[in-house]
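Have a look at the structure below before the remarks.
All residue numbers refer to positions in the sequence shown, counting from 1. What you see is a predicted model, and the numbers here were worked out from it, not measured in a lab.
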Amino acid sequence: MSELSEEQRNAFEAAAFRRLIEHLGQRTDVQNIDLMNLAGFCRNCLSNWYREAAEAAGVEVSKDDAREHVYGMPYDEWRRLHQREAAPGAIEAFQAGQGAGH
């Protein structure tokens, strides 16, 4: 792979992040607890990382604003529209492996 400039790397990483957010926005059937159990992170983790990156750059972003950026709508609305009860065993699996991304 050719050497990328920092600007190119940042642009490509930002594009990949936007694509991930878009993908998760289309896959509302995938619940956060399932993401946590399978991948060790969820939409809330992404919103926290987004907020932390902003704050590291000296920009204050609220938890609600960061979540709205990731979810594409207010968090409570997303939960009302898309969150289902956890599948049997999902909560126990999360608790057994807790700490990966949260």
Side-chain angles (χ1 to χ4, degrees):
M1 183 164 98
S2 64
E3 190 68 28
L4 298 176
S5 70
E6 184 175 349
E7 184 178 320
Q8 288 174 313
R9 185 179 54 79
N10 287 338
F12 300 157
E13 289 172 354
F17 177 78
R18 288 189 296 271
R19 179 93 181 258
L20 174 61
I21 297 302
E22 180 182 333
H23 180 76
L24 289 173
Q26 294 169 354
R27 292 298 312 269
T28 58
D29 59 310
V30 178
Q31 299 295 298
N32 280 336
I33 194 160
D34 298 325
L35 284 170
M36 283 300 300
N37 286 338
L38 292 172
F41 78 97
C42 68
R43 292 170 182 90
N44 291 334
C45 296
L46 288 173
S47 70
N48 290 339
W49 299 338
Y50 178 83
R51 185 170 46 89
E52 290 167 6
E55 290 176 356
V59 178
E60 188 172 329
V61 174
S62 73
K63 181 177 179 178
D64 289 339
D65 287 344
R67 283 188 173 183
E68 188 167 338
H69 179 74
V70 169
Y71 284 90
M73 64 184 69
Y75 179 60
D76 288 338
E77 182 179 347
W78 191 93
R79 289 180 63 196
R80 183 178 54 78
L81 293 172
H82 304 294
Q83 188 167 314
R84 300 183 318 268
E85 181 129 0
I91 293 174
E92 293 81 6
F94 172 75
Q95 291 171 336
Q98 195 167 17
H102 278 272

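- Atom CG of residue Asn44 and atom CH2 of residue Trp49 lie 11.0 Å apart, to the nearest 0.5 angstrom.
- The two residues Leu46 and Val70 make their nearest non-hydrogen contact at C-CG2, 4.0 Å.
- Panel note: side chain Gln31, backbone Arg84; a donor-acceptor pair is recorded below 3.5 Å.
- Atom-to-atom distance recorded for Lys63:NZ and Ser47:OG is 8.0 Å, nearest 0.5 angstrom.
- Contact check for Asp64 versus Glu68: no side-chain heavy atoms found under the 4.5 Å cut-off.
- At a threshold of 4.0 Å, the pair Glu22-Arg18 does not count as salt-bridged, since none of the basic side-chain nitrogens sits closer than that to a carboxylate oxygen.
- Take Asp65 and apply the side chain to side chain donor-acceptor pair (under 3.5 Å) test, not counting sequence neighbours, and it matches Ser62.
- Taking every heavy atom of both residues into account, Glu3 and Gln8 meet most closely at O-OE1, 4.3 Å.
- Inter-residue side-chain proximity for Glu7 and Asn10 is flagged as unmet; no heavy-atom pair is nearer than 4.5 Å.
- Following chains of ILVMFWY side-chain contacts shorter than 4.5 Å, one cannot reach Leu38 starting from Ile33, and the two form parts of different hydrophobic clusters.
- Going from atom NE2 of His82 over to atom CG of Asn32 covers 11.5 Å, rounded to the nearest 0.5 Å.
- Here the OH-CD distance, from Tyr71 to Glu77, works out to 13.0 Å after rounding to the nearest 0.5 Å.
- Residue pairs meeting the ring-ring contact (aromatic ring centres under 6.0 Å, His included) criterion with at least one partner in residues 4-24, sequence neighbours excluded, do not occur; the list is empty.
- Heavy atoms of other residues, nucleotides or ligands lying less than 6.0 angstrom from CD of Glu60 number 12 at most.
- Between Glu55 and Val61 the shortest heavy-atom distance is OE2-O, 3.8 Å.
- Shortest non-hydrogen contact noted between Gln83 and Tyr75 is OE1-OH, 4.5 Å.
- Going from atom CZ of Arg43 over to atom CD1 of Ile21 covers 9.0 Å, rounded to the nearest 0.5 Å.
- Remark: Arg51 CZ to Arg67 CZ distance equals 8.5 Å, nearest 0.5 Å.
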